[in-house]
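Since the structure comes first, as structure tokens, the remarks are kept for the end.
Sequence lines set the chain letters: A, B, ... in the order given, protein chains first and strands last, and positions in each chain run from 1. Note that these values count all heavy atoms, side chains included, but never hydrogens, waters or copies made by symmetry.
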Number of protein chains: 2
Amino acid sequence: MVTIEPQATRGDAFDPECPTRVVLDRIGDKWTVLVIASLEGGSLRFSELRARIGGVAPKVLTQTLRAMERDGLLTRTVHAQVPPRVDYELTPLGASLTGPIATLTDWAETHLAVILASREDYDTAFDAR
Amino acid sequence: MVTIEPQATRGDAFDPECPTRVVLDRIGDKWTVLVIASLEGGSLRFSELRARIGGVAPKVLTQTLRAMERDGLLTRTVHAQVPPRVDYELTPLGASLTGPIATLTDWAETHLAVILASREDYDTAFDAR
DNA sequence: CAGCATCCGTTCTGATACTG
DNA sequence: CAGTATCAGAACGGATGCTG
């Protein structure tokens, strides 16, 4: 039982505006999910996000944040003061993404053991290397 | 309400065995989702998959298929005949992924209009180019 | 502080050609 | 038929240094 039909699927994959692709590209990104998780508790400043997530280069964080802002997942608020202060906050749209993500996370945690076991089997079976 | 806590999240992102990452890496992949959708109706041969999905290079299809097989998402059955015939079929595990994917797809279709509108606003507002 | 510009190594992607 | 081998081009990720 799927929303996607074979025919539609084919076309969708190459349509950059396919809803599924738009969303998949976003949450397939390593940092987007982290940002959403970090902002669930409320707005955070750039440096706070950086510290919270850890190990992310400012350039990459900025890219992620910009993409998410562009998609309306979060708001970027610049406070006119010195030193500068910029707050990021999830929009209702962004917050609503936590649902689907949680679904994925649950599935992942439930099935991880099986997947990992499968990998091990596969690797030991095929490793003639 | 999230399964992920800030602390755990941070660590997880860098742990390649983090359940969320394992799954996200897989379904974030353009072709994996297409393969799953294609195989929902039953097993398919390599060339059938290729035709169904369209535009995918054999090398890339093979990579995708191998990764999915390794994770136990599908089975690869080689029939000893000439010409060769290889069937791919979703395992129960692979089939169970359609649920979470459907959740995402639904969300995507529901919110696409808003996202696209947001992008347009963003682009027209910032395009001094 | 927030972030932009630049540079560079790595990975990914896909096209093309060839084989068991 | 079902891949594998090879290779060039693009995209990505990240480190560094500088600025409003």
Side-chain angles (χ1 to χ4, degrees), chain A residues 10 13-16 21-22 24-35 38-39 43-70 74-89 122 126-129, chain B residues 10 13-16 18 21 24-35 38-39 43-70 74-89 122 126-129:
Chain A
R10 195 226 114 107
F14 298 96
D15 180 0
R21 275 257 59 79
V22 168
L24 249 31
D25 285 347
R26 197 63 61 226
I27 74 161
D29 178 49
K30 187 178 173 180
W31 306 112
T32 303
V33 179
L34 279 287
V35 170
S38 299
L39 289 179
S43 76
L44 247 36
R45 308 177 54 172
F46 186 85
S47 51
E48 289 173 330
L49 267 174
R50 226 190 132 181
R52 185 78 66 104
I53 293 175
V56 59
K59 187 189 91 173
V60 176
L61 218 208
T62 299
Q63 283 175 351
T64 305
L65 258 12
R66 284 291 194 285
M68 293 176 70
E69 186 195 4
R70 191 172 100 103
L74 53 75
T75 57
R76 177 172 177 272
T77 310
V78 182
H79 298 276
Q81 50 183 243
V82 179
R85 175 200 179 94
V86 181
D87 285 318
Y88 292 91
E89 184 170 20
Y122 186 94
F126 281 83
D127 260 0
R129 187 151 62 99
Chain B
R10 194 226 115 106
F14 298 95
D15 180 0
C18 161
R21 274 258 60 78
L24 249 30
D25 285 347
R26 196 63 61 226
I27 74 160
D29 178 49
K30 186 178 173 181
W31 305 111
T32 303
V33 179
L34 278 288
V35 170
S38 300
L39 288 179
S43 77
L44 248 35
R45 309 176 55 171
F46 186 86
S47 51
E48 290 173 331
L49 268 173
R50 225 190 132 180
R52 185 77 66 103
I53 293 175
V56 60
K59 188 190 86 172
V60 176
L61 218 209
T62 299
Q63 284 176 351
T64 304
L65 258 12
R66 286 290 195 285
M68 293 176 71
E69 186 196 4
R70 192 172 100 103
L74 53 75
T75 57
R76 177 171 176 273
T77 309
V78 182
H79 299 277
Q81 50 182 244
V82 179
R85 175 199 180 93
V86 180
D87 285 318
Y88 292 91
E89 184 171 18
Y122 186 95
F126 282 82
D127 261 358
R129 185 154 64 98

Tell me the interatomic distance from [X], atom [atom1], to [N], atom [atom2], rounded to whole angstroms.
| X | N | atom1 | atom2 | value |
| --- | --- | --- | --- | --- |
| B/Lys59 | C/dC18 | NZ | C1' | 15 Å |
| B/Leu65 | D/dT4 | CG | P | 10 Å |
| A/Phe46 | D/dG20 | CZ | P | 18 Å |
| B/Glu69 | D/dA2 | CD | C1' | 14 Å |
| A/Asp29 | C/dT11 | CG | P | 18 Å |
| B/Gln63 | C/dT11 | CD | C1' | 11 Å |
| A/His79 | C/dA2 | NE2 | P | 10 Å |
| A/Leu61 | C/dG3 | CG | P | 9 Å |

Per [X] side chain, nearest of listed nucleotides [options]:
| X | options | answer |
| --- | --- | --- |
| B/Pro58 | D/dC1, D/dT4, D/dG13 | D/dT4 |
| A/Arg45 | D/dG13, C/dA15, C/dA2 | C/dA2 |
| B/Ala57 | C/dA15, C/dA2, C/dC4 | C/dA15 |
| A/Arg66 | C/dG20, C/dC4, C/dG14 | C/dC4 |

For [N], does either OP1 or OP2 sit under 4.0 Å from a side-chain N or O belonging to [X]?
| X | N | result |
| --- | --- | --- |
| B/Ser47 | D/dC1 | no |
| B/Lys30 | C/dG14 | yes |
| B/Arg85 | D/dG3 | no |
| B/Thr62 | D/dG3 | no |
| B/Trp31 | C/dG14 | yes |

* Do the side chain of A/Thr32 and the main chain of A/Arg26 share a donor and acceptor less than 3.5 angstrom apart? ->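 Looks like yes, one N/O pair under 3.5 Å.
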
* Asked: Going from CG on A/Leu65 to CG on A/Leu39, what distance comes out if it is rounded to the nearest 0.5 angstrom?
  ->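 Spacing of CG (A/Leu65) from CG (A/Leu39) equals 7.5 Å.
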
* Pick out which of B/Arg45, B/Arg76, B/Glu48 makes a side-chain hydrogen bond (donor to acceptor under 3.5 Å, both in side chains) with B/Tyr88. =>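 With B/Tyr88 as partner, side-chain hydrogen bond (donor to acceptor under 3.5 Å, both in side chains) holds for just one option, B/Arg76.
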
* To do: Would you name the heavy atoms of B/Arg52 and B/Ser38 that are closest together and state the gap between them?
  =>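 Smallest interatomic distance, heavy atoms only, reads CG-OG, 3.6 Å.
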
* Asked: Is there a side-chain contact between A/Arg50 and A/Val56 (heavy atoms, below 4.5 Å)?
  ->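 Answer yes - side chains close enough.
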
* To do: Classify the nucleic acid contact of B/Arg50 as base, sugar-phosphate or nothing, counting any heavy atom under 4.0 Å across all strands shown.
  =>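 No contact.
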
